[in-house]
Amino acid sequence: MARLPRFVLPGYPQHVIQRGNNHERILYEEEDYWFLWEKIGAAAEKFGCELHAYVLMPNHFHLLLTPHLDNGVGKLMQYVGRYYVQHFNARYQRTGTLWEGRYRATLLDPKHFLLPVSHYLESNPVRAGLVRSVGDYGWSSYGANARGDDDPLVTVHAEYDRLGRSAKARRAAYAAQAEQPLDDALLARIRDATNKAWVLGDETFCGAIETALNRRALPRQRGGDRRSAAYRRATGRG
């Protein structure tokens, strides 16, 4: 079956994941993290993408970014992937693939999901048991978003700006939100949309995306139990 093209609309944010093959490590030493971090920044600038949040994990990485070109995300991931594989294979004297197939991505509604997805990315090291607190992990955008640390990769989104009237107020509000764990239903929804490449948004938002791109933004709902009275009544078969 042919793979459907990813949902891409310039100006709309995307959550992107790239994993190591067989969930193996892609980052070992500090130099690896710095190399990947630098290539992400260079690619974002080169291909017209604004990065709002990120996390570099030992065996995968997440990006939350807004492309301003039709092919911006694809070009960014191609650039990062090519240069990082060259670095990794040369450093560790290996050959072959490093990535688990194509990167996964979902277009999302910034009004309702940009900040939750940002928190989802940055709290990944806590869920993985790498650190006890989200602020303890050095390879994410949390420091920039919650503390105002200097991080040239991060460009704030308009939804972040709405958190407060001053930079201090916005950072405080962001940090307060980050302290609240995401509920299981939201975690499942973010993961499902990204892994299956469906749009992350409510029916109104998804309908607008469907109109703009002339394709379905959500999976078709499964039919009911055909043996149930309710299903027969609804379909005129009872």
Side-chain angles (χ1 to χ4, degrees), residues 1-27 36-37 39-40 43-44 47-85 88 96-110 112-125 127-128 130 139-141 153 157 182 184-201 205-206 209-210 213 215-220:
M1 180 182 294
R3 292 178 294 193
L4 292 173
R6 298 183 178 90
F7 289 94
V8 177
L9 271 179
Y12 285 87
Q14 297 250 347
H15 172 211
V16 181
I17 305 174
Q18 181 64 280
R19 298 188 181 279
N21 193 37
N22 294 322
H23 296 268
E24 295 176 357
R25 292 192 68 150
I26 62 170
L27 297 157
L36 180 57
W37 181 90
K39 290 304 177 187
I40 291 170
F47 300 112
C49 295
E50 293 181 343
L51 188 66
H52 314 300
Y54 69 90
V55 65
L56 310 183
M57 300 289 287
N59 64 357
H60 68 284
F61 65 91
H62 295 251
L63 307 176
L64 176 58
L65 49 82
T66 297
H68 294 285
L69 302 172
D70 286 332
N71 61 354
V73 176
K75 290 289 188 181
L76 179 149
M77 294 301 291
Q78 183 182 51
Y79 179 98
V80 171
R82 180 174 67 250
Y83 280 103
Y84 189 74
V85 170
F88 191 87
T97 185
L98 180 63
W99 309 117
E100 185 183 68
R102 302 194 330 164
Y103 68 87
R104 303 186 181 215
T106 181
L107 184 149
L108 59 91
D109 176 2
H112 296 107
F113 288 101
L114 186 123
L115 293 175
V117 170
S118 183
H119 295 311
Y120 168 78
L121 268 62
E122 294 167 355
S123 60
N124 206 351
R127 291 192 299 276
L130 299 179
W139 293 101
S140 85
S141 52
L153 260 63
H157 191 275
L182 300 172
D184 291 341
L186 180 56
L187 286 172
R189 189 172 179 187
I190 293 171
R191 290 166 177 160
D192 192 56
T194 307
N195 289 328
K196 297 179 181 179
W198 293 110
V199 172
L200 183 58
F205 180 81
C206 290
I209 298 302
E210 288 179 351
L213 296 179
R215 54 179 291 207
R216 290 188 63 82
L218 293 171
R220 296 183 185 277

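All heavy atoms count here, side chains included; hydrogens, waters and symmetry mates do not.
The two residues Gln14 and Ala105 make their nearest non-hydrogen contact at OE1-CB, 3.6 Å. A pairwise comparison of heavy atoms in Gly201 and Cys206 identifies O-SG, 3.5 Å as the closest pair. The heavy-atom pair separating Ser140 from Val55 by the smallest distance is CB-CG2, 3.9 Å. The two atoms that bring Val80 and Lys39 nearest to each other are CG2-O, 3.7 Å, heavy atoms only. The two residues Thr97 and Trp99 come nearest to each other via the heavy atoms OG1-O, 3.3 Å. Phe88 and Arg25 get closest at one heavy-atom pair: CZ-O, 3.8 Å.
In this structure, the side chains of Glu122 and Ser141 come closer than 4.5 Å at one or more pairs of heavy atoms. The closest side-chain heavy-atom distance from Leu65 to Leu76 is below 4.5 Å. Proximity of Leu63 to Val73: side-chain heavy atoms (C-beta onward) are nowhere separated by under 4.5 Å. Contact of the Phe61 side chain with the Trp139 side chain is not registered, since no non-hydrogen atoms from C-beta on lie closer than 4.5 Å. By the 4.5 Å heavy-atom criterion applied to side chains, Ile40 and Tyr54 are not counted as neighbours. With a 4.5 Å cut-off on side-chain heavy atoms, Pro67 and Cys49 count as touching. Contact of the Phe113 side chain with the Phe205 side chain is not registered, since no non-hydrogen atoms from C-beta on lie closer than 4.5 Å.
The side-chain hydrogen bond (donor to acceptor under 3.5 Å, both in side chains) search around His60 returns His62, Asn124, not counting sequence neighbours. Residues forming a salt bridge (charged side-chain N to carboxylate O under 4.0 Å, His left out) with Asp70 (at least two apart in sequence, or on another chain): none.
Considering CG of Leu187 and CG of Asp192, their distance stands at 12.5 Å, rounded to 0.5 Å. One finds the CG atom of Leu153 at 5.5 Å from the CH2 atom of Trp37 (value rounded to the nearest 0.5 Å). Leu108 contributes atom CG, which lies 9.0 Å from atom CD1 of Ile190 (distance to the nearest 0.5 angstrom). Separating the CG atom in Leu213 from the OH atom in Tyr12 is a distance of 9.5 Å, to the nearest 0.5 Å. Once rounded to the nearest 0.5 Å, the distance linking NE2 of His15 with OG1 of Thr106 reads 8.5 Å. Of the inter-residue distances, the one linking Phe7 atom CZ with Ile209 atom CD1 reads 8.5 Å to the nearest 0.5 angstrom.
Applying the side-chain contact (heavy atoms from CB on, under 4.5 Å) test between His112 and each of Asp109, Leu114, Leu115 identifies Asp109 as the sole match. For the side-chain contact (heavy atoms from CB on, under 4.5 Å) with Met57, the qualifying choice from Leu121, Leu130, Leu27, Ile26 is Leu130, the only one to do so.
Arg104 places no side-chain N or O within 3.5 Å of a backbone atom of Ala193 that could act as its donor or acceptor partner. For Asn59 (side chain) and Gly20 (main-chain N/O), no donor-acceptor pair under 3.5 Å exists by modelled atom type. Looking only at distances, no side-chain donor or acceptor of Thr66 sits under 3.5 Å from a matching main-chain atom of Glu50. For Asn195 (side chain) and Arg191 (main-chain N/O), a donor-acceptor pair under 3.5 Å exists by modelled atom type. With Arg189 contributing its side chain and Leu200 its backbone, the two residues share no donor-acceptor pair below 3.5 Å.
When the shell of 6.0 Å around OH of Tyr83 is examined, it contains 12 or fewer heavy atoms from other residues, nucleotides or ligands.
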Audit row: Met77, Phe47, side-chain contact (heavy atoms from CB on, under 4.5 Å) steps and yes/no: CA-CA 10 Å; Met77 294 301 291; Phe47 300 112; over 6 Å; no
